[in-house]
Amino acid sequence: MKLYDYVLSGNCYKIRLFAALLGIPYETVAVDLYPGKEQTRPAFLRLNPAGTLPVLQDGDLTLTDSSAILTYLARRHDPTGQWCPQDPELLAQLVGWLSFADDLTRTSGAARLHAIFKKPIDSVAAQKGAHALLRRLELHLCDQEFDDSSFLLGKAPTIADIACFPYVALAPDGGVELDGYAAVQRWIYAIRKLDGFLPMPGIHPLHEHPDKPLPEGLNARLEA
Amino acid sequence: MINEIALNDWYPVAMASELKPGCRLNRVLMEREIQISNDGDKTHAFEGSRVLPLQIRYDHVWTSLGAPARPLFEIPEGEQDGRRLVACGRVHVRCSPLRAVENFLDIAHFPYVHTGILGAEDHPEVERYDVEIDDEKDEVWARQVKFFQPQAAKSAEGGIMADYMYRVPAPTTSILYKTCPARVGEWDIITLFVQPVSETTCDVWPWMALYDDETPFNDLVQFQQTIFMQDRSILENQIPALLPLDPKMETPTRADLTSIAYRRWLKRRRMFYGAQTIAA
């Protein structure tokens, strides 16, 4: 399985993160989105006429949309059905969140591209749009907490969480601060705590090593 | 505050590869709008109708708003045959241009910000190293820097004790000389060229000159972009936004020797653009 990847893309990160959580092996092909604009060149457009990343190739299958790729990987590699539930109600909600994730890309993701690479867009409108989505997410996650649920669809994470995570966690890169969204921050923490979690630039790993003793002598120095 | 010192220095404003015939690039240098254009034959830089000095070196376009007092610094190793030259584009950061340089000089953050790549949390020690302000060259140098790195370069496999030298040849440029995994005895060159946009925002142009014939070009660029984007989120949250030059403002430790020398040198050069000179 081959992932055409750009390391700073939140949509590519969805796939890298999910593959890491499920332990799915794959190889990556680095595409020079910036500064090379490789996605606009004929060789890449033959692979994906839409000129977008990520692209996943598995045998004869080529998939070009991050939500489609997440759905495929979940169905193909998760026999428990946890990550992409079959239940009609849950599945319908999940599809709704995948669409919400695309709205995040268009707002928070766009504001980030403007802030980092000066992509010419209306950055204020993008930031406002991102805040409107974050308020909805905050309310939903508060409700979930009343039900003792840490994730979008319940007590277990699904591909809805993976799809929404990057452009929420990366929002500060685009000048969209998360200070006012306490439940969103707890949700980000819950995802970073998952076994096999993979960070990306701008999303730092947790720095807790409860199993590791402090360096020798540090305790004594702290107590002195 | 733009004083003569800041005005008369050279700054990067574009990659040489952006200079397509007929192009017109709009840039902001120290709050002033400038244009870079190429008429198919030559490249020009303007502020309004005023022609600015211009030179193309190290894969980048350099200009100045004033009358440069001295030539652009030399990086002889960067122009040796056989090196891969890698211009990584620009990253915009909401931080003082001086803070971007200072962060690049800091080793102690590697285990926590570049975890698993440039540092490991169980190897946080910064061993003693040498720092000097070279009065003759008017540069800051740090030598004999050693640090444990899980993956020092794209071409490195497994952890190594990496040797470093740091050099600051101009207030907004930092050069790192680093153990070259592919060629023993040579140094890989990794630089940060910083374009001050304002006192609290900058465009950073990372550039590398490496001995590495194996790694695909795109992987080299994305390795460097990964490292810098890990720094960006930290840089944008540093307080105060301006780099404090008053020694009473922050409490340095031994690991900060290079940073202290850098700040002292800025003060001596009277390079205050992006700096806080009076304790708030």
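Being a predicted model, the structure only gives us computed values, none of them experimental. Proteins come first, then strands; the chains are lettered A, B, ... in the order of their sequence lines, and each starts at number 1.
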Starting from the C-alpha separation in whole Å, work towards a yes-or-no answer on side chain to side chain contact (heavy atoms under 4.5 Å, CB included) for B:V93 and B:E236. CA-CA 7 Å; B:V93 193; B:E236 295 204 332; 3.8 Å; yes

Indicate the ring-plane relationship of B:W207 and B:Y58, choosing parallel, tilted or perpendicular according to the 30° and 60° boundaries.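 The arrangement is tilted - the two ring planes meet at 30° to 60°.
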
Measure up the B:Y166 and B:Y164 rings against each other and bin them: parallel (under 30°), tilted (30 to 60°), perpendicular (over 60°).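 The arrangement is tilted - the two ring planes meet at 30° to 60°.
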
Give, as side chain, backbone, both or neither, the part of [X] having an atom under 4.5 angstrom from any heavy atom of chain A.
X	answer
B:R232	side chain
B:V91	both
B:T115	side chain
B:V113	both
B:Q225	both
B:D203	side chain
B:I234	side chain

Find the distance between CZ (A:R112) and CG (A:L170) and round it off to the nearest 0.5 Å.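 One finds 4.5 Å between CZ of A:R112 and CG of A:L170.
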
Heavy-atom pairs under 4.5 Å with chain A - which of B:M229, B:R90, B:Q222, B:R94 has more of them than the others?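 Going by pairs under 4.5 Å, I would pick B:Q222.
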
Interface residue of largest heavy-atom contact number with chain B, from A:E38, A:M200, A:H204, under 4.5 Å: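 The candidate making the most pairs under 4.5 Å is A:H204.
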
I'd like to know which of A:P199, A:G202, A:G36 tops the heavy-atom pair count under 4.5 Å against chain B.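 Most heavy-atom pairs under 4.5 Å with chain B: A:G202.
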
Taking all non-hydrogen atoms of both residues, which atom of A:G174 and which atom of A:A115 are closest, and how far apart?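 Minimum heavy-atom separation between A:G174 and A:A115: CA-CB, 3.9 Å.
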
Of the non-hydrogen atoms in A:A30 and B:N218, which two are nearest, and what is the gap between them?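 Nearest pair, atom of A:A30 first, then B:N218: O-ND2, 2.9 Å.
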
Side chain from CB out, backbone as N, CA, C, O: work out which of these in A:V29 comes under 4.5 Å of a heavy atom of chain B, or both, or neither.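 For A:V29, there is no contact with chain B at all, as no heavy atom is under 4.5 Å.
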
So which part of A:I116 gets closer than 4.5 Å to some heavy atom of chain B, the side chain, the backbone, both or neither?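 Interface part for A:I116: both.
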
Scan A:I69, A:T64, A:D65, A:T62 and name whichever one has a side chain to side chain contact (heavy atoms under 4.5 Å, CB included) with A:L56.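 Testing each of A:I69, A:T64, A:D65, A:T62 against A:L56, the sole residue satisfying side chain to side chain contact (heavy atoms under 4.5 Å, CB included) is A:I69.
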
Please check if the distance between the ring centroids of B:H92 and A:H114 is under 6.0 Å.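 Here the rings of A:H114 and B:H92 have centres that are no less than 6.0 Å from each other.
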
